[in-house]
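What follows is a single structure, written as structure tokens, with notes after it.
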Amino acid sequence: MSEKHIVVNGASLKCKFSVEAKLDKLKVNTQSKHYANDKDAEKKLIATDKEIGQTLDKNTFGKCKMQPNGSGDYLPCQATITKWSNVYEKITLSNKGKILLEDSKGTCPIGGTDCIEITKHGQLAEPSEQNFMKADPDIHNLINPMFNMREFQNELNGIPEVDK
């Protein structure tokens, strides 16, 4: 996927026609089996191109520049996604959906093609034991001399500490 992040439940989206540049959060409603960036596999459902309709937390990006009300103001946005573009085509999930990537874009019937962008993919760094085991102790100890990474790795491996 060439270093692009997979979009997950809770990703932040924006519309290029929003007057106030408000964000809304994506809700994954079309599948409940496939997770990313969640070591316990219970929080971060993967978003797919099947997340269409009113699939946002508030279903609005504020006032819409494409809907002037005639008195110098704009009508409220009623965000409805009808299609996604630039999805990851090589994998199809159980809901027959293609995975959304951080550069995927949504289409709205009022704003048009690709007017909805993903600003944050929704994944968070969550270090695991494997991350600590792969860390280079010499580099880590240069960055943080208060913490001995080699001792910590030995402890994780069950190697007893040697007296100095």
Side-chain angles (χ1 to χ4, degrees), residues 1-132 134-135 139-140 143-144 146-147:
M1 283 185 258
S2 69
E3 301 300 319
K4 293 179 190 170
H5 289 90
I6 291 172
V7 175
V8 296
N9 189 60
S12 296
L13 282 69
K14 72 174 185 175
C15 178
K16 65 183 179 181
F17 296 112
S18 172
V19 173
E20 302 101 358
K22 288 192 175 185
L23 301 177
D24 204 348
K25 298 208 180 282
L26 181 67
K27 292 191 300 184
V28 175
N29 296 320
T30 63
Q31 63 92 10
S32 58
K33 290 183 179 181
H34 310 284
Y35 295 84
N37 181 237
D38 179 15
K39 67 182 176 90
D40 297 325
E42 62 186 24
K43 298 177 196 163
K44 299 288 185 173
L45 286 166
I46 296 173
T48 69
D49 63 349
K50 299 296 182 186
E51 311 308 327
I52 56 174
Q54 293 194 320
T55 184
L56 303 177
D57 194 32
K58 297 177 183 142
N59 293 311
T60 187
F61 295 107
K63 294 181 180 179
C64 178
K65 292 178 188 175
M66 299 299 287
Q67 298 188 90
N69 69 1
S71 64
D73 203 5
Y74 300 93
L75 296 174
C77 160
Q78 295 178 356
T80 302
I81 298 170
T82 59
K83 180 182 172 187
W84 287 97
S85 64
N86 202 23
V87 298
Y88 188 65
E89 296 286 345
K90 294 182 181 179
I91 296 175
T92 302
L93 298 185
S94 61
N95 66 347
K96 307 284 189 262
K98 301 291 184 184
I99 295 173
L100 297 183
L101 300 173
E102 61 189 319
D103 63 348
S104 298
K105 297 193 184 310
T107 296
C108 170
I110 295 171
T113 305
D114 295 346
C115 66
I116 298 173
E117 301 173 0
I118 297 165
T119 59
K120 292 185 181 171
H121 48 72
Q123 294 195 46
L124 299 172
E126 190 172 304
S128 67
E129 185 175 321
Q130 182 180 12
N131 296 115
F132 288 107
K134 288 185 174 184
I139 292 173
H140 191 278
I143 295 169
N144 184 3
M146 301 294 288
F147 182 79

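Keep in mind that what you see is a predicted model, and the values were worked out from it rather than measured.
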Exercise. If only atom types and distance count, is the side chain of Gln31 paired as donor or acceptor with the main-chain N or O of Ile46 below 3.5 Å?
Worked result: yes
Exercise. Can you list the residues that meet the side chain to side chain contact (heavy atoms under 4.5 Å, CB included) rule with Gln54, with sequence neighbours excluded?
Worked result: Asn59, Thr80
List the atom pairs, donor and acceptor, that lie under 3.5 Å between side-chain atoms in residues 99-108 and the rest of the protein, sequence neighbours left out.
{"residue": "Glu102", "atom": "OE2", "partner": "His5", "partner atom": "N", "Å": "2.8"}
{"residue": "Glu102", "atom": "OE2", "partner": "His5", "partner atom": "ND1", "Å": "3.2"}
{"residue": "Asp103", "atom": "OD1", "partner": "Asn86", "partner atom": "ND2", "Å": "3.2"}
{"residue": "Asp103", "atom": "OD2", "partner": "Lys4", "partner atom": "NZ", "Å": "2.9"}
{"residue": "Asp103", "atom": "OD2", "partner": "Asn86", "partner atom": "ND2", "Å": "3.0"}
{"residue": "Ser104", "atom": "OG", "partner": "Asn86", "partner atom": "O", "Å": "2.7"}
{"residue": "Ser104", "atom": "OG", "partner": "Leu101", "partner atom": "N", "Å": "2.8"}
{"residue": "Ser104", "atom": "OG", "partner": "Leu101", "partner atom": "O", "Å": "3.1"}
{"residue": "Thr107", "atom": "OG1", "partner": "Asp114", "partner atom": "N", "Å": "3.4"}

Exercise. Between Tyr35 and Leu45, is a side-chain contact (heavy atoms from CB on, under 4.5 Å) present by the stated rule, with each step listed?
Worked result: CA-CA 4 Å; Tyr35 295 84; Leu45 286 166; 3.6 Å; yes
Which donor-acceptor pairs under 3.5 Å do side chains of residues 6-15 form with protein atoms, sequence neighbours excluded?
{"residue": "Asn9", "atom": "OD1", "partner": "Val28", "partner atom": "N", "Å": "2.8"}
{"residue": "Ser12", "atom": "OG", "partner": "Lys25", "partner atom": "NZ", "Å": "3.4"}

For this session: Measure the shortest side-chain to side-chain distance between Lys22 and Thr60 over non-hydrogen atoms and say whether it is less than 4.5 angstrom.
Result: no
Exercise. Atom CD of Gln67 and atom SG of Cys77: how far apart are they, to the nearest 0.5 Å?
Worked result: 7.5 Å
Seminar exercise, completed: So the salt bridge (Lys or Arg N to Asp or Glu O under 4.0 Å) pairs with at least one residue in residues 52-74 (sequence neighbours excluded) are Lys63-Asp73
For this session: List for me each residue that meets ring pair (Phe, Tyr, Trp, His ring centres under 6.0 Å) alongside His34, sequence neighbours excluded, and say none if there are none.
Result: none
Exercise. Taking only residues two or more places apart in sequence or in another chain, which ones pass side-chain hydrogen bond (donor to acceptor under 3.5 Å, both in side chains) with Asn144?
Worked result: none
Exercise. How many angstroms lie between CH2 in Trp84 and OG1 in Thr55, if you round to the nearest 0.5 Å?
Worked result: 8.0 Å
Exercise. Step by step, would you call Glu89 with Val87 a side-chain contact (heavy atoms from CB on, under 4.5 Å)?
Worked result: CA-CA 6 Å; Glu89 296 286 345; Val87 298; 3.4 Å; yes
Exercise. Is the shortest heavy-atom distance from the side chain of Leu56 to the side chain of Ile81 under 4.5 Å?
Worked result: yes
Problem set entry | Lys96 vs Lys50 side-chain heavy atoms within contact, under 4.5 Å | yes
Exercise. At their closest point, which heavy atom of Tyr74 faces which heavy atom of Pro68, and how far apart are they?
Worked result: CD2-CA, 3.7 Å
Exercise. Is it true that a side-chain atom of Lys44 and a backbone atom of Gly122 form a donor plus acceptor pair closer than 3.5 Å?
Worked result: yes
